[in-house]
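First the structure, in the form of structure tokens, and then the observations on it.
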Amino acid sequence: MANPRGNKGGRRPAVPADKTHVVRTAYLDGQSIASLAREHGVSRGAIRTTVADLMPEHTTADTDTPAPELPVTLDMPGKVADFLRTTELEPVGRAALDHGVTVRRGQGYTLRVSATPSVHHRLLARCQPLDGTPGTSAIPAQRKARREYENRVNTLGKQSGLRDEPPHPA
């Protein structure tokens, strides 16, 4: 009798239908499942259910559709994070920095940032002035911090199989 009355049956989803697009977009922009759950007042399982088809273990039936870019967590040196906080960033980059977790390292710190590889690449491009500009000298510690972050971002492509050259036969 449930179908003639228009009822689907079953339990209602914890994430309302009008918020699923917001949750899915934020997840694709690199926001973590735990932070989305806190933000929307639901369990992590409810968020996982909402973004299940976007998660890495999900296989798509349509092979022509490119796989969504998944968030990656990288440690950003504190000197780079301090510089980026003072520059104007896109909302996605700003959100990634704001949701980063500070990890103390001796006298300094690193910022553990979860974002998609494209966001990491854009953040790296924004901190290019740390290498110095023509006519000005760079501070060596800042230059080193930027290079360290650059190495971590460049390692992303190699780990995920996005190599520029084909693998050599064994």
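The figures here come from the full heavy-atom set of this structure, side chains too, leaving out hydrogens, waters and symmetry mates. Residue numbers run from 1 in the order of the sequence given.
- Surrounding CZ of R85 are more than 12 heavy atoms belonging to other residues, nucleotides or ligands, all under 6.0 Å away.
- By the 4.5 Å heavy-atom criterion applied to side chains, Y109 and V103 are not counted as neighbours.
- Rounded to the nearest 0.5 angstrom, Q142 CD and R147 CZ are separated by 12.5 Å.
- For R122, the salt bridge (charged side-chain N to carboxylate O under 4.0 Å, His left out) partners two or more places apart in sequence, or in a different chain, are E90.
- Contact record, C127 with F83: CA-CE2, 3.6 Å, taken as the closest heavy-atom pair.
- Looking only at atom types and distance, the side chain of S114 has a donor-acceptor partner in the side chain of T73 under 3.5 Å away.
- The nearest pair of heavy atoms linking A96 to A115 is CB-CB, 4.0 Å.
- Results of the side chain to side chain contact (heavy atoms under 4.5 Å, CB included) test with V119 over V113, L97, V92 single out V92 as the only residue that passes.
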Checklist entry - Where do L89 and R94 land on the side chain to side chain contact (heavy atoms under 4.5 Å, CB included) test, with the steps shown first? => result CA-CA 6 Å; L89 297 173; R94 180 67 56 201; 3.7 Å; yes
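- For the atom pair H121 NE2 and T116 OG1, the distance stands at 9.5 Å (nearest 0.5 Å).
- The heavy-atom pair separating R24 from T50 by the smallest distance is NH1-O, 3.0 Å.
- Listed by chain and residue number, D75 satisfy the salt bridge (charged side-chain N to carboxylate O under 4.0 Å, His left out) test with R112 (two or more places apart in sequence, or in another chain).
- Using a 4.5 Å heavy-atom cutoff, the side chains of L123 and M76 are in contact.
- Between K144 and E148, no side-chain nitrogen of the basic residue sits less than 4.0 Å from a carboxylate oxygen of the acidic one, so the salt-bridge criterion is not met.
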Counting only pairs under 3.5 Å, give me each side-chain donor-acceptor contact of residues 16-23, with atom names and distances, residues two or more places apart or in other chains.
from: T20; atom 1: OG1; to: A17; atom 2: O; distance (Å): 3.0

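- Nearest heavy-atom pair, K79 versus A145, reported as atom, atom and distance to 0.1 Å: CB-CB, 3.9 Å.
- Two residues are said to be in side-chain contact when any heavy atoms from C-beta on lie closer than 4.5 Å; L74 and V153 meet this criterion.
- The CD1 atom of I33 sits 5.0 Å away from the OH atom of Y27 when rounded to the nearest 0.5 Å.
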Item to check | Check against salt bridge (Lys or Arg N to Asp or Glu O under 4.0 Å), E150 and R146 | outcome: CA-CA 6 Å; E150 180 180 28; R146 195 203 68 76; 3.2 Å; yes
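- The backbone N or O of V72 sits less than 3.5 Å from a side-chain atom of H120, completing a donor-acceptor pair.
- Contact between V42 and A14 at its shortest, heavy atoms only, is CG1-O, 3.7 Å.
- In this structure, S35 and Q31 approach most closely via the heavy-atom pair OG-CG, 3.0 Å.
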